[in-house]
Every structure is written in structure tokens, then in C-alpha cells.
Amino acid sequence: MSESSKDDDDNLKENTKISLPTVLCTDSETEVTQTNIISESKLSLPSALGTPTSPLLVNSPLSLPNSPTPFAKIHQTRSNKSFEKPELTLKQVDMNKTDTGSATGNPRNKCALQPGHSLMDWIRLGNSGKDLTGVGGRVRPVSPSELSLHNTQNDAWLAIRGRVYNITHYLPYHPGGPEELMRGAGMDATELFDKVHPWVNYDSLLAKCLVGPLSFDRPDADELFNTPLSRSDKLREPSKAQLVRKSMENLANCITPVRKKITAKSEENVKGSPPSKIMQSLIQSSDLPVSISRRAAASPAKTDKSKDTPAQLRFDWIQTSVKLIISIYTGHLTNPGGSAKLSNGTLSVEVATDGWLRIFRLVPEASLKDPLQLKMYSESGKIEVIALKSECKVWKGCGEASFSDAIRITTPMKVECRVMDVSRVTHDTSLITLAPITGPVIVPLGHHVRVHHKQSDSECIRSYTPIGDGWDNSSNEFSCLKLAVKRYESGSLSPYLTSLGLGDVIALSGSYGNFRLQQLKPVKILYLIAAGTGVTPMLSLIRFALSRSNPKCERVHLIFFNKTEEDILFKTKLEEYVQQDDRLQVLHVLSNASSTWNGLKGRISFDILNKMIPKDSNTHFACLCGPTEFTHTGVDLLKKIGVKDNSIHAFIG
Ligand code: HEM
């Protein structure tokens, strides 16, 4: 949002019934949508660790493609039908789980499994020593033609992300039913799998069924494999990495998958044979995950369904010897806000969804230390807090965890921030990097914060949409808030902001905004129409849209209006993005271009938009942000073109 638009808009803002947040909030008048809660981690093991459950040797010539990581998967989405059912309480979820024998306890499962075919039974079978690969457990490459021969219920293989698994034994254990699973038999089923349930950690579940890598891109793989190992290779001691990997496999397999009766306060969520001493020492010296919870606790369930009540939250945790990771699930496209802090040894995470605020508190088993890291995954609505352990040690549990009751967000609470960096991005615009003093803060995608500044008797307030760290380093981390501030020499706030020095402290409001990510759920083509600093909310939208997989975003068009070439914010960054992903197209339009400018010239007009944007379609969506007049003109023009109201979002205020 540009400051100029804010100057004009203060009155408007006060009149638009925007409720004030506690720390981080969405507008209270925003329609409350009840969504099912997603739990994603299941038996997952975190990223950058390869495939801890894989029996393969590291650096083997047959080493498999990198395993997808649960953290990478979270950009993906569930099938729509997953969200149709009304939400169930924790107790109902448990009952459902028993009824269906669901592998993950997820109430959506459509198929009731035969007795003796629960996840627990499957893991037992995996640990029984039975050869589930059908090829003697010896990993070997598989060509697509060989794969295609294994397509019957008695002999079924499938490939996911370059790995071939024998799924014959898994068929009766598949929570979606054997027929569904057979749809992927004899083929590369990656796309099909991702369409249905990208969050399922097939890699852990099918670790014992691995036949080998799909070898179409490795014509020499057979030869490599058939070369007998030299004597020295056979005698070589397993490396530390191999040992740790093997230990991870054992650990993952011994985690009790059946959820105990869990309350918000008690959690006995991880169980299994403790690793041997040598393994413990290996684990201690590494940063590998050693235990994983299963939906350890849920926020208080709804009591009165007739009332406007918030969706339930759940959390999971996972630890390595050096850190504890708490994941809080708010629901698909919920677009939560949040903040995390450590105070008197207690970890508190504020989670704001749909105008409701809940606080997750954890009295950890042992002490944690700052700085905390906070990540938000827009697609799944997962918030992740990463806390370092004061002492490098594996804990028995995560500690005492609880959720507060939900309260309506009505009052604003300021967040004190320290200035970490002020850098010029154009001749008149600076990027101010702010670190919230108490701990990291998440501003929901497309929402903004207000900067408060006292000037003699009056308080000056302006709104800015933080561009987020993600724009710079493609992580989802929210350690700092970055505000693009255009300097107006006669402005009341921007001269002050752009002359801030390192270490200065300023106050920000919690987040405001009525943008709902749910609006983008079916969108395949996104039009972003921005002027000047109005590009800031578009940056995270570009990133979000291009990372989606279901539905996959086909194109993002940014139509970016500025006066001169020198005024274009983040020009190089945008060019880099276009290079990386040809689904992004950026069209610059200048109102006061130099004679050397070859691009489009002019102001926002029917002609320019009409050439770019087709009539309404359910899979198109347009967002606008810039000075108020620009935005209103843009909305009118879009309507004239034929774009429907519900396919337009104007960032105002
Ligand atoms: C590629 C072909 C596959 C198809 C067409 C398929 C289909 C399905 C369907 C329709 C469901 C029920 C989803 C729902 O309730 O909304 C389901 C659930 C499930 N499937 Fe598959 N599946 C496939 C492969 C796999 C594989 C390879 C695994 C892993 C070993 C797997 C594990 C699961 C699990 C764990 C669930 C329960 C998910 C949950 O509770 O969240 N599926 N599947």
C-alpha cells in the first residue's frame, strides 16, 4: 500500500468497521469459515535429511532421487472433497479412526479397512522380516517397461518421485481402499498421488516395499548395479551417516502410531524402543529428528455449534537433539496470523484465524532458548515454531502443552520492533527491516500493519504491507517484517521512517485486512494490478500462486504501473522471478517514460486492461493495489470488462 493512499484513506479506514486486532488479527467481520484441520506430519521426517527410513546406502551409485520432504509438501493442497465434511471434535475423530481403521486418524477416509489392517498392523508386518519388496529386498533399478508389467492385485508396483515400490502387500492396508491404490499400479503415479493426498508420507509407509529407482534416465543403471562389489567395498564399515540413517529407520518404525487418549494437557504421544547407546550418541551429535508426535493436542472443541465459533486447532511436535519444532495446524488456506515468544521458560504462540485469537502454551520438558523461528505455510495453514534447546539432548516428550480458549480479537496491541536495516530500493523508496522485540510475528498474506508515530499532540498512523522474508530467500520464515516506505518530503511519517537508524525502536500495530486466501482456492490465472508501493502485497501473492499444485496455477500476470523506469520497485527481483518461472509475466506501464523506454506507456485504462484480462471465468481472479484513486478506477474498469465482483479483490486501507 502506498503512503499516499493512506493519507487519503484515514477517514475511510475508520469508517470501514475494521475491528482492531490483539496482536495479529484478521478483521472480525470477516466471514467465519469452518475448515477441517489438517495434520501433515504423520510419520514424516523433516527436510534436508534425505530419506531416513530408506535402507539405501548414502553415496551408492544407485542412490535414489532425493526424497520429498514433508516441509516441501506443504505447499500442496488436498483434494477439495477433503474439506466438505463438517469439522469433528477430537472425540469424534478418535471414534472415526477406530471405525475406519484410518491410517492417519483422519476422519475423511472413505474406506473401512478389514480387521487386522490398521496402520499398526502394517508397521508390524513391515517389522516382521517378511520381504515386502517381492525381489528379495535387494534394491535395484526398474525400467518403465518392467514397471508396467506389475499391474495386477497380486503383483502391483508403482513409482512415486522416481522410486518404485511394490504395493501388493499394502493394498489391503490402504485407507483409500485397494481399488483406489490400484489406479496407480504399473505406472509413475506421482501426479495421481499428489492430486489425492500430497501430505501422505508414502516414503515412510512404503520404506520396506522399495524395489529401487525408476531407471529411465539412467540407461547405465543396470550395469552399475550388476557390477559385483569389490572385496574392499564389502568389508567397508558402514559410515556414520549410514548408521544414523539406519537408526532413523528403526526409530520411525517403532513410533507408536496409535494415538492414546490425549487431552489438551496430557500427552503421551511418542513411544518406542529407545535407541541404543551408540545410536543415542550418533543422534546427539547430529541434527536428525528423533521423535515425532501425532496430533498431540487440540484446542478446545466447539461447545455450542449454533454460535459463531472458531475452527479447532491441533498441534504436532518433532525434535532433534538440538531443537524442538512445534507445528500448529489452522486449516487449509486459513491464512493465519501469529507470533511466538519465550517468556519465563514458557513458549507462547498466538494464533489468529478469522478474527479469533488462541494462545498455545508449552512448558517445555527442559529449557529452550531464543531466538525463535516462525514459519507459515499459506496453503496448509500450518504455523511452525522452531526453538533451540538450551542443552543438546533428546527429550522424552515435549512438555506440558495447552491451548487457551478462543477469544474474539477486538483490541489492538502494538508490537515493538527494532530497526535491523534500512536500505534504498529506488531513488525515493527504502526497505526497512524490523525485528519484533518479543519474538517473531506473522502477518497473514495480503494483510498490512500500521505504523504509529507521535507528532507533537497528534498520532500519525500509516499502513504498510510487509513483504516478508520469503520474497528474498524463498523460505517461509517470518523472522523480520520488511516495509517498503516511499519518502514524501512533505509527508508526515515517511521522512521520519526513512531516516530511522539501526537499533531504533518503533511501534507497529497487529495486522489488518480483509483479504481471504480462500478466494484464490480455484484460481488458475491471477491478474495483479499494482501501482508504486502497491506492489508489496502482490509479491507474496506471486510466490503463493506459483507454489500451488492443486489446482496448479497456470499464469500470474503482474501489470505494474509507475511514473518512470527509476520508480519501478524490485525490478531486478521481478526479472529473476520471471527467469525462474515462465508462468509469471510482468508488464510494466509507465506514465512518464523516457524516450528510450520501449514498453507500454500510459495510465491505467480500459484498453490496457481489456487487452490483458479476458471476461470473467471461475478460474480467473484479479487483485488491485495502489493509491486509492488508482484502485477504484481499476475496479470500475475490470467490471466494465466483465469481471465479476467476486473475482476481484481491492487492497484498500
Ligand atoms: C497413487 C494412487 C493412489 C490413489 C488413487 C489413492 C487414493 C486414496 C484415496 C481416495 C484416499 C481417501 C482420501 C480421502 O479420504 O479424501 C486415500 C487415503 C490414503 N492413502 Fe492413498 N491413494 C494412492 C496411493 C497411496 C500410496 C502410495 C500411499 C502410501 C503408502 C497412500 C496412503 C494413503 C493414506 C495414508 C491415506 C489416508 C490419508 C489421510 O488420512 O489423510 N495412498 N488414498
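Excluded from the calculations below are hydrogen atoms, water molecules and symmetry mates; all remaining heavy atoms, backbone and side chain alike, are included. Whatever order the structure lists ligands and atoms in, that order sets their numbers, starting from 1.
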**Q** Should you measure from each heavy atom of I160, which atoms of ligand 1 turn up under 4.0 Å away?
**A**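 It comes down to these atoms of ligand 1: 27 (C).
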**Q** Against heavy atoms of Y202, which atoms of ligand 1 measure under 4.0 Å?
**A**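 Here the atoms of ligand 1 in question are 29 (C).
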**Q** Check for me whether the distance between the ring centres of F193 and Y202 falls short of 6.0 Å.
**A**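 Centroid separation for F193 and Y202: below 6.0 Å.
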**Q** For atom 9 (C) of ligand 1, state which one of L206, N201, D203, V196 supplies the nearest heavy atom.
**A**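 Ranked by closest heavy atom to atom 9 (C) of ligand 1, first place is V196.
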**Q** Report the residues that fulfil side chain to side chain contact (heavy atoms under 4.5 Å, CB included) with E180, sequence neighbours left out, ordered by chain and then residue number.
**A**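 Counting only residues at least two positions away or on another chain, E180 forms a side chain to side chain contact (heavy atoms under 4.5 Å, CB included) with H174, R183.
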**Q** Which is closest to atom 22 (N) of ligand 1 in terms of heavy atoms, H197, E180, R183, K195?
**A**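 Checking each option, the heavy atom nearest atom 22 (N) of ligand 1 is found in H197.
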**Q** Under 6.0 Å between ring centres: does that hold for W122 and Y170?
**A**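 Ring-ring flag for W122/Y170: true, centres closer than 6.0 Å.
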**Q** Can we call the ring centroids of F621 and H649 under 6.0 Å apart?
**A**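 Between H649 and F621, which both carry aromatic rings, the centre distance is not below 6.0 Å.
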**Q** Which atoms of ligand 1 are found less than 4.0 Å from any heavy atom of P175?
**A**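 Reading through ligand 1 atom by atom, the close ones are 33 (C), 34 (C), 35 (C), 36 (C), 37 (C).
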**Q** Pick whichever of L181, L158, I167 has a heavy atom sitting closest to atom 24 (C) of ligand 1.
**A**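 Looking at heavy atoms only, the winner is L181.
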**Q** Of W317, F403, Y329, which meets ring-ring contact (aromatic ring centres under 6.0 Å, His included) against F360?
**A**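 One option only clears the test, and that one is F403.
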**Q** Would you say E379 and L333 make side-chain contact, with heavy atoms under 4.5 Å?
**A**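 Side chain of E379 against side chain of L333, heavy atoms only: contact under 4.5 Å found.
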**Q** Please could you name the atoms of ligand 1 that A189 approaches to less than 4.0 Å, counting only its heavy atoms?
**A**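 Result: 1 (C).
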**Q** I need the contact type for Y165 against ligand 1. Using non-hydrogen atoms and a strict under-4.0 Å cut-off, is it side chain, backbone, both or neither?
**A**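 The answer is neither; Y165 stays 4.0 Å or more away.
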